Amino acid sequence: MNVFAEVEGKVLDALAGLQKAGALPEGLDFSAVAVEQPRDPSHGDLACNAAMVLAKAAKAKPRDIADKLAAALTADPDVASAEVAGPGFLNLRLHPQFWHGVVKAIIDQGARFGASNVGQGAKTNVEYVSANPTGPMHVGHCRGAVFGDALANLLAFAGYDVTREYYINDAGGQVDVLARSVFLRYREALGEEIGEIPAGLYPGEYLKPVGAALAKEHGSSLVNMPEERWLPLVRTFAIEQIMPMIKDDLAALNIKHDIFFSEASLTKGSEDKVQAAVAELRKKGLIYEGRLEKPKGHDDEEWEDREQTLFRSTAFGDEADRALMKADGTYTYFAGDVAYHYDKLTRGFRHLINVFGADHIGYIPRMLATVAAFADGTVERDAKGKLKHWHTTGGTADLDIKVVNLVKLFKNGEPYKMSKRAGTFVTLRDVVDEVGRDPVRFMMLYRKELEQLDFDFAKVTEQSKDNPVFYVQYAHARAASVLRNAREAFPDLVFADGGTVVANLDLLTDAGELDLIRKAAFYPSLIAGAAKAHEPHRVAFYLYDLASAFHGHWTRGNDLPQLRVIQAGDRALTAARCALVASLQHVLSSGLSVLGVGAPEAMR
RNA sequence: GAUCCCAUAGCUCAGUCGGAUAGAGCACCUGCCUUCUAAGCAGGGGGUCGCAGGUUCGAAUCCUGCUGGGAUCGCCA
């Protein structure tokens, strides 16, 4: 049940009626007609902009249209009043019974309340984390991981068919460095004195067990092999050892991907997927042999001007065409990504979402170009040819690139500097272990993803109203607590029977109670809007607002005992209020689960 | 050099598809605990939405040009 959609339906019906009666011309575009929550409660429960957006096309004054619309809507049994205000707003008030119906719907639908079908089951791929498999995850990966996961939850809840995917960069130079580092630890494990780890190799202690495991499996058989023989072997072994570490780190954040896609697999086996993808682009006339200009702003002594295989990404708003082959004849990283995205498209995904760190912003235009090229879509540009958005439109599939900004670490307000050398390198696991999964997840989402985020180790574990995580979880626990107490006061209290409310909700007459219902009723629209915009942070802010309204109403019961949920002498009223509290608890719990944050029954 | 992001209260930030008198938290001031969890709540002061134009019934929101802060640039992944 989405009250906004429902009331919008009433408005559209009324408009159609006016057209039939000749009060409005035929052929009007109603797509801009919207029903929304007015900011000022004195403007009613819901407001509609129909008269203003239709005035021009209908060649009528907004207030005249609004007057006719108001008259038509007043006839609706759910509508208590319809008033015209301001430049032509239509302010609607609905009967309490309508709002009571929302409580019934929430309890009836339970965890499904808020779920929608805006996604229409469209196959959607969310690629996130994709950290290099060279060691445990560090704190820098945290925000993208949580964001991607919450976005995937949100989209699934809104009716998209979501696949969570991780692209393993297991083919480039970095994994060769990993293999050499592990080989050193392998020799160490066999008793060799290896001394200081040479510059350019990974010094981390976490590679010691990997080296030891390698020694256990192969004994000393690799020691005298030439590097070209042991390297591929050790590389595969190391990645097989490290990916479980990464999966463990993700599990600590409650993150589980459906697919781990190996970059190396693109060129392994019988068919070369990179070649196939490039051939596809060539068919579209987007591959050519040519030269690139030397990049500016770099002291690049190794720059070599040569003819090379290029992808014409400038056709889609990129600032330069992009190389697909290195001088040594191997593919560039980008070529692999081209093939990877081609693969995603051939797997039938309609929507692709990539979560990038802010340090990869420069990579965005070429990825948009790649997907637009394969899917015959477009990348919107302004009059000067510059990129307007970070998503493609049209075609058989689209790509949206979400960029998460930096997280600045603090401890008690003091910047917490990370340094590998000083030993204050912070792993993701360190953070989760120190503050817990819920605070990490909630705080990472309590900010628009593109904004920088301050994360204070001390503040996020504070048990006070200054900590939004605690504040929202406390509201849920408080709801659970009052329901427990109500059952104690009335041991056989029943407010709902198998999802059907049996309490008499007509007893919910207090303005604060109705306001809480109105806020809860917004949840389905909030989910749909956040999902369409790919913005999970809206859910976090909504939950904070809802929690705040609940705490406020609760405390009013201090001064006005007649507002308290549990009324010792009045079983029917207690039951009705318990139904309201239970519905709020459902919404809080649902929103928290979209964010991947726990909803505790008690805070102690 | 080029490109991108950001700019809203003293601070940290929300602001739904362009909607009415721009919101919240912190901090500051004033109140509320023999009470269903005060781990909380209510009230108050605080604004040139960076600047200048434009679009329109209406702009924090869209367009153009500036200013300030941050990031990125490769045959690296």
Side-chain angles (χ1 to χ4, degrees), chain A residues 31-32 34 36-40 43 47 49 52-53 55-56 61-62 85-89 91 132 134 169 171-175 263 292 294-298 300 302-304 306 308 319-320 322-328 330-334 336-337 358-365 382-383 386-387 390 403 405-406 446-448 450-454 462-468 470-471 474 477-478 481-486 488-489 522 525-526 528-530 532-533 535 537-538 541 544-545 548 551-559 561 564-568 574 577 581 602-604:
Chain A
S31 61
E36 53 192 21
Q37 245 179 352
R39 221 177 278 146
D40 184 342
H43 291 151
N49 64 353
M52 290 175 294
V53 298
K56 199 177 235 177
K61 286 181 187 165
F89 284 101
N91 293 336
N132 289 333
T134 54
N169 300 141
Q174 291 192 20
V175 286
E263 179 188 358
L292 288 177
K294 179 171 177 171
K296 288 175 179 166
H298 269 275
D300 203 336
E302 289 171 35
W303 176 259
E304 177 196 347
R306 68 178 181 92
Q308 51 188 333
E319 62 195 70
R322 301 297 171 178
L324 296 165
M325 307 282 282
K326 297 187 210 168
D328 64 5
T330 61
Y331 295 120
T332 59
Y333 177 79
F334 174 62
D337 235 347
D359 53 341
H360 284 71
I361 283 185
Y363 201 69
I364 291 172
D382 65 17
K386 288 181 190 169
L387 231 54
W390 288 341
V403 175
N405 213 325
L406 304 173
Y446 197 59
R447 193 61 88 237
K448 206 158 48 186
L450 200 50
E451 296 277 346
Q452 289 195 7
L453 174 99
D454 294 346
E462 212 170 270
Q463 302 233 322
S464 81
K465 67 186 169 66
D466 302 343
N467 178 0
F470 174 82
Y471 189 81
Y474 180 40
R478 182 170 253 180
S481 159
V482 72
L483 292 176
R484 278 195 303 271
N485 289 331
E488 227 165 81
F522 184 54
S525 308
L526 182 277
K532 277 190 263 188
E535 292 188 347
H537 75 273
R538 291 190 198 178
F541 281 96
Y544 186 88
D545 281 347
S548 171
H551 287 310
H553 180 70
W554 175 275
T555 309
R556 249 166 258 137
N558 286 344
D559 294 332
R564 294 179 195 170
V565 173
I566 300 169
Q567 297 291 320
T574 303
R577 288 181 176 169
V581 169
M603 298 306 284
R604 288 177 183 153

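Just so it is clear, the structure is predicted and the values come from calculations on it, not from any experiment. Chain letters run A, B, ... following the sequence lines, proteins first and then strands; every chain starts at 1.
Applying the 4.0 Å criterion to OP1 and OP2 of B:G74, one finds that A:Arg322 has a side-chain N or O inside that range. Contact between the side-chain N/O atoms of A:Ser481 and the OP1/OP2 oxygens of B:U37 is found at a separation under 4.0 Å. For the pair A:His537 and B:G15, the criterion of a side-chain N or O lying under 4.0 Å from OP1 or OP2 is met. Between B:A38 and A:Arg478, a contact under 4.0 Å exists linking OP1 or OP2 to a side-chain N or O. An OP1 or OP2 oxygen of B:G15 is reached within less than 4.0 angstrom by a side-chain nitrogen or oxygen of A:Lys448.
Remark: ring of A:Trp554 stacked against base of B:C36; centroid gap under 5.5 Å, plane tilt under 30°.
Map A:Asn485 and A:Leu526 each onto its nearest nucleotide of RNA chain B; the residue landing nearer the 5' end is A:Leu526. Nearest-nucleotide positions on RNA chain B for A:Tyr363 and A:Phe470 put A:Phe470 closer to the 5' end.
A stem is defined here as three or more consecutive Watson-Crick or G-U pairs, each with both distances under 3.5 Å; for RNA chain B these stems are B:1-7 with B:67-73, B:10-13 with B:23-26, B:28-32 with B:40-44, B:50-54 with B:62-66.
The backbone N or O of A:Tyr471 sits less than 3.5 Å from a side-chain atom of A:His551, completing a donor-acceptor pair. Not one N or O on the side chain of A:Asn405 forms a donor-acceptor pair closer than 3.5 Å with the backbone of A:Glu451. Panel note: side chain A:Arg447, backbone A:Leu453; no donor-acceptor pair is recorded below 3.5 Å.
The separation of B:G19 from B:C11, taken at their C1' atoms, amounts to 30 Å, rounded to a whole angstrom. The P atoms of B:A59 and B:G53 are separated by 14 Å, rounded to the nearest whole Å. Spacing between B:G69 and B:U12 at atom P, rounded to whole Å, works out to 16 Å. Comparing B:C41 with B:A24, their C1' atoms are spaced 15 Å from each other, to the whole Å. Spacing of C1' atoms, B:C66 relative to B:G43, comes out at 43 Å, to the nearest Å.
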For nucleotides 19-30 of chain B, give me one character per nucleotide, 5' to 3': B if any protein heavy atom sits under 4.0 Å from the base, S if the only such contacts are to the sugar-phosphate, - if neither.
BB-S-SSS----
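Residue A:Glu451 has its side chain nearest to B:C6 when only B:C41, B:C36, B:C6 are considered.
Between the CD atom of A:Glu535 and the NZ atom of A:Lys448 there is a distance of 7.5 Å, given to the nearest 0.5 Å. Taking CG of A:Leu483 as the start and CZ of A:Arg577 as the end, the distance is 14.0 Å to the nearest 0.5 Å.
In the interface, the side chain of A:Arg564 is paired with the base of B:U35 through a donor and an acceptor atom under 3.5 Å apart.
To the nearest angstrom, P of B:U12 lies 15 Å from CG of A:Asn405.
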